[in-house]
Structure formats: structure tokens, C-alpha cells
Participant: 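Structure provided below as C-alpha cells; questions to follow.
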Amino acid sequence: MRIEPQSRQAAILHLEDGRQLALRVESHALVFAWAGQVIIRLHFRTLRSANSPEETPLFSLESAEASPEWKAQLAPWLAPALALFSQYHGGRVIIAKALAIDLDLPA
């Protein structure tokens, strides 16, 4: 798997099986699309960093909309997708423990 940036707001995720997913960063969401159809939408809530005098934005990944089969495949793609979102918004992302469990990720 590799990620190919298209712009600050978009990238192509090349999967090992040859499929390509389009990633699009929106103001409070990250969208995965396949064959022109949205398959996963991750929603974020903006937080403030109490430890940063610059008030670096901190985003909480609070929900994921996807069918069970796509959600099950999300784990390997999550890190590069969150990096794209963080880079665009100039902050960093945290994943709520409940969502990490729901996505079967290490919390």
C-alpha cells in the first residue's frame, strides 16, 4: 500500500490488490471513495491542546461511517489517511478508545 498525494486536500491510496481509493480532506471529515462512490467517511471533532502555547489544533476522530466489510479493511489505511488530514489542518489527531475498539485497532 502506498499513498500518492494529489494536492493538500486529496490523495490516491494504492492498495496491494491493485484497487485505488481516492482520499479527500474536508473541514471535519476524511472521505474515502472507490469507483466514484463514498465508501468510508471519518468524522472529527476539533479540540484544543492544553499543553501547547501555540494552540496547535487537536482533532478527535469520533466516528466512522462505513459498511462492515469496508470498516474491517480500514485499519491498515488509517495511519496514512490521518497523516493527510493532520498535514492539511496543521494539527494532530487522536483516536477515541471506543472507536479504536470498534475499528479493531490498538488503543
Side-chain angles (χ1 to χ4, degrees):
M1 181 201 66
R2 69 182 175 85
I3 190 165
E4 177 187 348
Q6 302 288 301
S7 70
R8 286 191 65 217
Q9 280 181 265
I12 301 294
L13 192 59
H14 296 272
L15 305 182
E16 292 174 0
D17 63 7
R19 290 181 295 176
Q20 296 180 358
L21 299 181
L23 272 68
R24 184 174 69 247
V25 176
E26 297 177 353
S27 83
H28 283 91
L30 182 63
V31 174
F32 293 74
W34 182 50
Q37 189 171 26
V38 172
I39 56 167
I40 298 170
R41 183 181 299 273
L42 304 177
H43 295 274
F44 298 87
R45 183 166 51 103
T46 305
L47 305 173
R48 293 284 169 231
S49 174
N51 299 326
S52 175
E54 303 88 27
E55 291 196 15
T56 301
L58 186 64
F59 303 97
S60 171
L61 174 56
E62 61 180 6
S63 68
E65 293 174 12
S67 61
E69 66 270 12
W70 282 107
K71 192 180 265 191
Q73 297 178 57
L74 180 58
W77 314 335
L78 196 57
L82 294 182
L84 181 73
F85 182 91
S86 296
Q87 179 180 355
Y88 178 75
H89 285 291
R92 52 194 185 92
V93 173
I94 60 170
I95 302 174
K97 189 171 187 175
L99 182 61
I101 291 168
D102 186 42
L103 297 175
D104 197 25
L105 301 171

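Since this is a predicted model, take the numbers as computed values, not measurements.
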Participant: Quick one, L78 and L42 - any side-chain contact, counting heavy atoms below 4.5 Å?
Facilitator: yes

Participant: For E16, enumerate each residue passing the side-chain hydrogen bond (donor to acceptor under 3.5 Å, both in side chains) test, keeping only those at least two apart in sequence or located in another chain.
Facilitator: none

Participant: Going by side-chain hydrogen bond (donor to acceptor under 3.5 Å, both in side chains), name the residues that satisfy it together with R8, two or more places apart in sequence or in a different chain.
Facilitator: none

Participant: Going by heavy atoms in the side chains, are L61 and F85 under 4.5 Å from each other?
Facilitator: no

Participant: Output every pair passing side-chain hydrogen bond (donor to acceptor under 3.5 Å, both in side chains) with a member in residues 25-44, not counting sequence neighbours, ordered by first then second residue.
Facilitator: R24-E26, E26-R41, H28-T46, H43-E65

Participant: For H14, give me all partners under side chain to side chain contact (heavy atoms under 4.5 Å, CB included), at least two apart in sequence or on another chain.
Facilitator: R2, E4, I12, Q20

Participant: Quick one: salt bridge (Lys or Arg N to Asp or Glu O under 4.0 Å) pairs with a partner in residues 28-37, sequence neighbours left out?
Facilitator: none

Participant: Ignoring hydrogens, what is the shortest heavy-atom contact between S63 and L99? Give both atom names and the distance.
Facilitator: N-CD2, 4.1 Å

Participant: Can you sort out the partners of A66 under side chain to side chain contact (heavy atoms under 4.5 Å, CB included), two or more places apart, ordered by chain and number?
Facilitator: I40, W70, K71

Participant: How would you list all residue pairs meeting side-chain hydrogen bond (donor to acceptor under 3.5 Å, both in side chains) that involve residues 74-89, not counting sequence neighbours?
Facilitator: none

Participant: Which heavy atom of A11 sits nearest a heavy atom of P5, and at what distance?
Facilitator: CB-CA, 3.9 Å

Participant: Report the residues that fulfil side chain to side chain contact (heavy atoms under 4.5 Å, CB included) with A10, sequence neighbours left out, ordered by chain and then residue number.
Facilitator: Q6, S7

Participant: Kindly determine whether E69 and S67 satisfy side chain to side chain donor-acceptor pair (under 3.5 Å), including the steps that lead there.
Facilitator: CA-CA 6 Å; E69 66 270 12; S67 61; 3.2 Å; yes

Participant: Taking all non-hydrogen atoms of both residues, which atom of L47 and which atom of S60 are closest, and how far apart?
Facilitator: CD1-CB, 3.7 Å

